[in-house]
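Notes follow the structure.
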Amino acid sequence: MSHRISPVIPGFGLTLGYTLVYLSLLVLIPLGAMFVHASQLTWAQFWEVISAPRVLAALKLSFGTALVAALLNGVIGTLLAWVLVRYPFPGRKIIDAMIDLPFALPTAVAGIALTALYAPAGSVGQLAGEFGLKIAYTPLGIALALTFITLPFVVRTLQPVLADIPREVEEAAACLGASPWQAFRHVLLPALLPAWLTGFGLAFARGIGEYGSVIFIAGNMPGKTEILPLLIMVKLDQYDYTGATSIGVLMLVVAFVLLLPLNLLQRRIAIR
């Protein structure tokens, strides 16, 4: 006689109900309210707000620097994850713990520290100035701050996947005559790519909406180094709530359009 095993978590109906209520209260209802508030404008008024030169410049800057930071972390984070997983060395646990510092450190504190370091009067800023390079108060400084903030997303996404790939697989590929590049291309990359895309997407999404670590190092010059989250705060300070929500809707739609194909590609690769 077979015995039915009781699930550890309550049944599907109860858990699904809690999930939908939780998701609605924290995500769907606030986002819906933002769309409702923005709908107070006519389409012509909405288009006038989101097509303003200042908004378009901030949109280009926010998404461009977030993309650059995510791509940089895609490379740097992969190397860091590889070293931390595959090579034992003194101080590895300390470095591994330091990866999570951007999560624990208040973003405003990180922004102040980066600005003090990379400003023209800072130690690194002075050295860069001797070569004619300005870091703080430029898009380069913004990308640098976003790279610092979003690094853990890629590293922590890739680490468990790398740890689950046995080294015997690489050794078998080498025994069959594969070069290191061929082993990486045909053995490691297919297993790492879905996780890499996940880490890249998380880093990109976080970079788009980052505020605290950027406002100090950006310089906040309208049309040059002003990011979209700051522009939203400017609208709110001016009590232009409809304009702020309109820019928020623009950010949400553009981010969704960019991230949806990435998620679909990730799922397709994972199925293969």
Side-chain angles (χ1 to χ4, degrees), residues 27 58-85 94-118 124 135-163 192-220 225-233 248 250-263 265-266 269:
V27 180
L59 177 71
K60 181 180 178 180
L61 179 65
S62 292
F63 281 84
T65 52
L67 179 61
V68 169
L71 289 173
L72 284 175
N73 281 331
V75 177
I76 300 172
T78 302
L79 294 176
L80 274 172
W82 180 270
V83 169
L84 291 174
V85 171
I94 297 177
I95 296 178
D96 189 51
M98 290 175 62
I99 298 296
D100 292 326
L101 282 179
F103 284 153
L105 191 67
T107 55
V109 175
I112 294 173
L114 291 172
T115 304
L117 188 63
Y118 292 102
V124 179
I135 300 177
Y137 318 127
T138 66
L140 176 59
I142 297 173
L144 182 67
L146 295 180
T147 303
F148 171 79
I149 290 296
T150 60
L151 177 63
F153 289 100
V154 178
V155 177
R156 293 311 186 207
T157 305
L158 287 175
Q159 269 186 304
V161 179
L162 278 171
L192 290 177
L193 191 54
W196 188 92
L197 289 174
T198 300
F200 173 84
L202 291 172
F204 180 58
R206 171 64 189 274
I208 292 171
E210 178 59 27
Y211 176 77
S213 64
V214 176
I215 55 172
F216 296 103
I217 200 171
N220 309 322
T225 59
E226 185 179 49
I227 57 174
L228 269 179
L230 176 63
L231 185 54
I232 292 175
M233 292 299 300
L250 174 65
M251 285 186 66
L252 183 64
V253 171
V254 175
F256 180 78
V257 170
L258 292 176
L259 292 175
L260 180 61
L262 187 65
N263 290 332
L265 177 62
Q266 174 201 347
I269 294 174

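Everything numeric here is computed off the predicted structure, so don't read it as measured data. Count residues from 1 along the sequence.
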### Message
Please evaluate residues E210 and T150 with respect to the criterion side chain to side chain contact (heavy atoms under 4.5 Å, CB included), reporting the C-alpha separation (whole Å), side-chain torsions for both, the decisive distance (0.1 Å), and the verdict.
### Response
CA-CA 9 Å; E210 178 59 27; T150 60; over 6 Å; no

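- Atom CG of residue L144 and atom CD1 of residue I149 lie 10.5 Å apart, to the nearest 0.5 angstrom.
- Taking a 6.0 Å sphere around CG of L260, one finds it holds more than 12 heavy atoms contributed by other residues, nucleotides or ligands.
- Looking at I232 and Y211, their side chains never come closer than 4.5 Å, going by heavy atoms from C-beta outward.
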### Message
Applying side chain to side chain contact (heavy atoms under 4.5 Å, CB included) to F200 and L71, what does each step give before you reach the verdict?
### Response
CA-CA 7 Å; F200 173 84; L71 289 173; 3.5 Å; yes

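- Atom OG1 of T107 is separated from atom CZ of F216 by 8.5 Å, given to the nearest 0.5 angstrom.
- Heavy-atom minimum distance, L231 versus A58: CD2-CB, 4.2 Å.
- Nearest heavy-atom pair across M251 and F63 is O-CZ, 3.9 Å.
- Remark: side-chain polar atoms of T157 are not paired, donor with acceptor, to backbone N or O of T198 under 3.5 angstrom.
- How far CD1 of I135 is from CG of L140: 5.5 Å, rounded to the nearest 0.5 Å.
- Closest of all the heavy-atom pairs between N73 and V154 is O-CG1, 3.4 Å.
- Expressed to the nearest 0.5 Å, how far CD1 of I142 lies from CG of L61 amounts to 4.0 Å.
- Side-chain rings of Y118 and Y137 stay apart, their centers remaining 6.0 Å or farther from each other.
- Looking at every heavy atom in both residues, G207 comes nearest to A66 through C-CB, 3.7 Å.
- For the atom pair L59 CG and I208 CD1, the distance stands at 9.0 Å (nearest 0.5 Å).
- Here the side chain of T225 pairs a donor or acceptor atom with the backbone of A218 at under 3.5 angstrom.
- Judged by distance alone, the side chain of W196 and the main-chain N or O of L158 form no donor-acceptor pair under 3.5 Å.
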### Message
L262 vs F204, test: side chain to side chain contact (heavy atoms under 4.5 Å, CB included). Steps then yes/no.
### Response
CA-CA 11 Å; L262 187 65; F204 180 58; 5.8 Å; no

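- L258 has its side chain out of reach of L67: every pair of non-hydrogen atoms, C-beta onward, lies at least 4.5 Å apart.
- At least one side-chain heavy atom of D96 sits under 4.5 Å from a side-chain heavy atom of R156.
- To the nearest 0.5 Å, atom CD1 of residue I99 and atom CG of residue L151 are 5.0 Å apart.
- Minimum interatomic distance between V161 and A195 (heavy atoms only, all atoms of both residues): CG2-CB, 3.5 Å.
- In terms of heavy atoms, S213 sits closest to A145 at O-CB, 3.6 Å.
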### Query
Can I215 and M233 be said to form a side chain to side chain contact (heavy atoms under 4.5 Å, CB included), step by step?
CA-CA 11 Å; I215 55 172; M233 292 299 300; over 6 Å; no

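- By the side-chain hydrogen bond (donor to acceptor under 3.5 Å, both in side chains) test, T65 pairs with no residue at all, sequence neighbours left out.
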